[in-house]
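Note that ligands are numbered from 1 as they come in the structure, with each ligand's atoms numbered from 1 the same way.
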Amino acid sequence: MALVTTTEMFKKAYEGGYAVGAFNVNNMEIVQGITEACQELNSPVVLQVSKGARAYANHNYLVKMVEAAIMNCPDIPIALHLDHGPDFETCKACIDGGFSSVMIDGSSLPLEENIKMAKQVVEYAHAHGVVVEAELGTLAGVEDDVNVSAEDSSYTRPEDVQEFVEKTGCDSLAIAIGTSHGAYKFKPGTKPQLRFDILEDVAKRLPGFPIVLHGSSSVPQEFVKKINEHGGKMPDAIGIPEEMLREAAKMAVCKINIDSDIRLAITASIREYFDAHPDHFDPRQYLKPARQAVKDMVAHKIKNVLGSDGKA
Ligand code: G3H
Ligand code: 13P
Ligand code: ZN
């Protein structure tokens with residue numbers, strides 16, 4: 001199957017009460033680990049690339065690696081998406097440069113400016129057959145050069161969503177209901193909570209419209225333990241409980257963003273490997289199990305969290 005937009009994927013996910021995983025890609029092993037799991041489980045997938053990924057790996061390398069994955073996984077729909085596009089220019093570069101979907105992230109701007117920037121991206125994207133995700137509400141956490149403290153984060157206001165979607169023409173909407181970026185999502189000792197009431201309210205106001213959840217890593221404690229046992233230091237790393245994500249996937253959430261869990265899977269695997277084999281120095285030796293760890297983690301998400309297996 002060729003590169004696709006998310007339109008059909010999200011329609012099926014909404015109707016079927018499941019979500020499509022959107023996994024961040026930064027290198028070949030990550031692309032391979034994710035797509036091999038999706039191919040084996042017959043699952044659709046969004047491969048997403050951040051500004052930081054483009055700076056690290058280079059736009060052309062990332063696009064060509066995704067094209068290679070599409071050749072190797074002929075049975076599943078794959079979308080290539082810009083994650084957290086900061087401005088029109090970055091979105092345009094990705095639209096012109098082979099992406100099928102972009103996110104314009106104006107969530108830190110006042111509502112009118114967010115609408116203005118998103119509308120400009122939507123007009124250009126739609127004229128080129130590309131779909132657009134926009135965001136309302138601010139997540140806490142760290143991405144690239146943006147660091148939003150918990151105090152400065154804000155839940156999405158359901159009363160804004162209809163006007164935002166109508167005025168911008170965006171194809172999907174990321175909302176803030178208590179998820180956050182990174183591996184430290186809740187204060188230690190506090191109970192993880194998501195505002196399902198906001199999600200329900202948004203869904204009522206936008207019937208059938210695909211909602212996106214960012215900051216949805218679960219920070220599996222087996223990875224944290226392994227990292228800490230093998231020289232790492234990640235005390236109090238906590239994620240979103242999987243059952244909450246399953247619940248969201250049954251509702252209007254059609255896309256669930258996962259990056260930190262990929263980083264944790266790789267780091268846990270490599271730390272463990274180096275401890276066991278201090279004399280090894282061929283990157284293929286330690287990147288092979290790291291790639292397998294990504295594949296296993298993604299397969300687990302597809303089967304137990306997203307419910308997208310068999311839905312390609
Ligand atoms: O939401 C942010 C993603 O995890 C991407 O992270 O900006 O460090 O590539 P990054
Ligand atoms: P996590 O940090 O929870 O993996 O979130 C990733 C994300 O939202 C990418 O846009
Ligand atoms: Zn995000």
Side-chain angles (χ1 to χ4, degrees), residues 6 19-27 30-31 33-34 45-59 61-62 79-87 90-91 94 99 101-108 132-148 150 153-154 156 172-186 192 194 210-221 223-224 234 236-242 244-245 248-249 253-268 293-294 297-298 300-301 305-306:
T6 52
V20 178
F23 298 97
N24 287 70
V25 297
N26 288 278
N27 66 17
I30 295 175
V31 173
I34 297 165
V45 68
V46 177
L47 298 178
Q48 55 187 13
V49 165
S50 69
K51 176 184 165 193
R54 290 176 82 235
Y56 171 75
N58 176 281
H59 179 97
Y61 278 91
L62 290 163
L80 174 56
H81 172 76
L82 169 66
D83 190 27
H84 293 286
D87 48 40
T90 309
C91 291
C94 291
F99 284 42
S101 172
V102 293
M103 175 191 189
I104 177 69
D105 185 355
S107 59
S108 58
V132 179
E133 172 186 327
E135 178 165 343
L136 262 184
T138 322
L139 271 70
V142 184
E143 312 145 19
D144 272 351
D145 32 20
V146 189
N147 185 350
V148 182
S153 66
S154 59
T156 303
S172 60
L173 183 69
I175 62 168
I177 60 166
T179 62
S180 66
H181 291 110
Y184 302 89
K185 299 191 191 291
F186 300 99
L194 293 186
I211 301 301
V212 177
L213 272 196
H214 282 248
S216 296
S217 278
S218 293
V219 188
Q221 291 303 299
F223 296 153
V224 176
M234 297 193 68
D236 306 325
I238 303 172
I240 312 292
E242 289 186 345
M244 289 189 184
L245 296 169
V253 171
C254 295
K255 171 174 178 272
I256 289 190
N257 283 15
I258 295 168
D259 186 5
S260 297
D261 286 354
I262 298 172
R263 300 176 182 194
L264 291 165
I266 292 175
T267 302
V294 172
M297 186 278 290
V298 170
H300 169 81
K301 298 278 179 195
V305 179
L306 303 160

Please check: side-chain N/O of Q221 versus main-chain N/O of V219, any donor-acceptor pairing under 3.5 Å? yes
Proximity flag R263 to ligand 1, non-hydrogen atoms under 4.0 Å: yes
Using a 4.0 Å heavy-atom cut-off, say whether R54 meets ligand 1 through its side chain, its backbone, both or neither. neither
Give me the nearest non-hydrogen protein atom to atom 3 (O) of ligand 2 as residue plus atom name, then the distance to 0.1 Å. K185 NZ, 2.5 Å
Any atom of ligand 2 sitting under 4.0 Å from a heavy atom of R263? no
Rounding to 0.5 Å, atoms OG1 (T179) and CG (L139) come to a distance of 4.0 Å
Heavy-atom contacts under 4.0 Å between S216 and ligand 2: side chain, backbone, both, or neither? backbone
Can you check whether D261 has an N/O within less than 3.5 Å of an N/O in ligand 2? no
Is M103 near ligand 2, meaning one of its heavy atoms is under 4.0 Å from it? no
How long is the gap from CZ on F99 to SG on C91, to the nearest 0.5 Å? 10.0 Å
To the nearest 10°, what's the angle at the Zn ion (ligand 3) between atoms NE2 (H181) and NE2 (H84)? 100°
Rounded distance [0.5 Å steps], OG in S218 versus CZ in F223: 10.5 Å
When you look for heavy atoms under 4.0 Å from ligand 1, do you find them on the side chain of N257, its backbone, both, or neither? neither
Could you point out which residue of D261, T267, D259 forms a side chain to side chain donor-acceptor pair (under 3.5 Å) with R263? D259
Just let me know how D259 lines up against ligand 2, side chain, backbone, both or neither, with a heavy-atom cut-off below 4.0 Å. both
Against heavy atoms of I258, which atoms of ligand 2 measure under 4.0 Å? 4 (O)
Could you pull out, from S180, S50, S260, G52, the option with a heavy atom nearest to atom 9 (O) of ligand 1? S50
Are K185 and S217 side-chain neighbours, meaning at least one heavy-atom pair lies under 4.5 Å? yes
Side chain, backbone, both or neither: which part of N24 has a heavy atom under 4.0 Å from ligand 1? side chain
Note: K51, heavy atoms under 4.0 Å from ligand 1, region reported as neither
H214 atom (N/O/S) at minimal separation from the Zn ion (ligand 3): ND1
Testing L82, N257, D83 one by one against M103 for a side-chain contact (heavy atoms from CB on, under 4.5 Å), which residue passes? D83
Below 4.0 Å, non-hydrogen atoms only: which portion of N24 touches ligand 2? Side chain, backbone, both or neither. side chain
For E133, which of Q48, H84, H214 qualifies under side chain to side chain donor-acceptor pair (under 3.5 Å)? H214
Heavy atom of H214 under 4.0 Å from ligand 1? no
Polar atom proximity, N26 to ligand 1 (N or O, under 3.5 Å): no
When rounded to the nearest 0.5 angstrom, what distance separates CG in L173 from SG in C254? 11.5 Å
Using a strict cut-off of 4.0 Å, indicate which atoms of ligand 2 neighbour a heavy atom of G182. 2 (O)
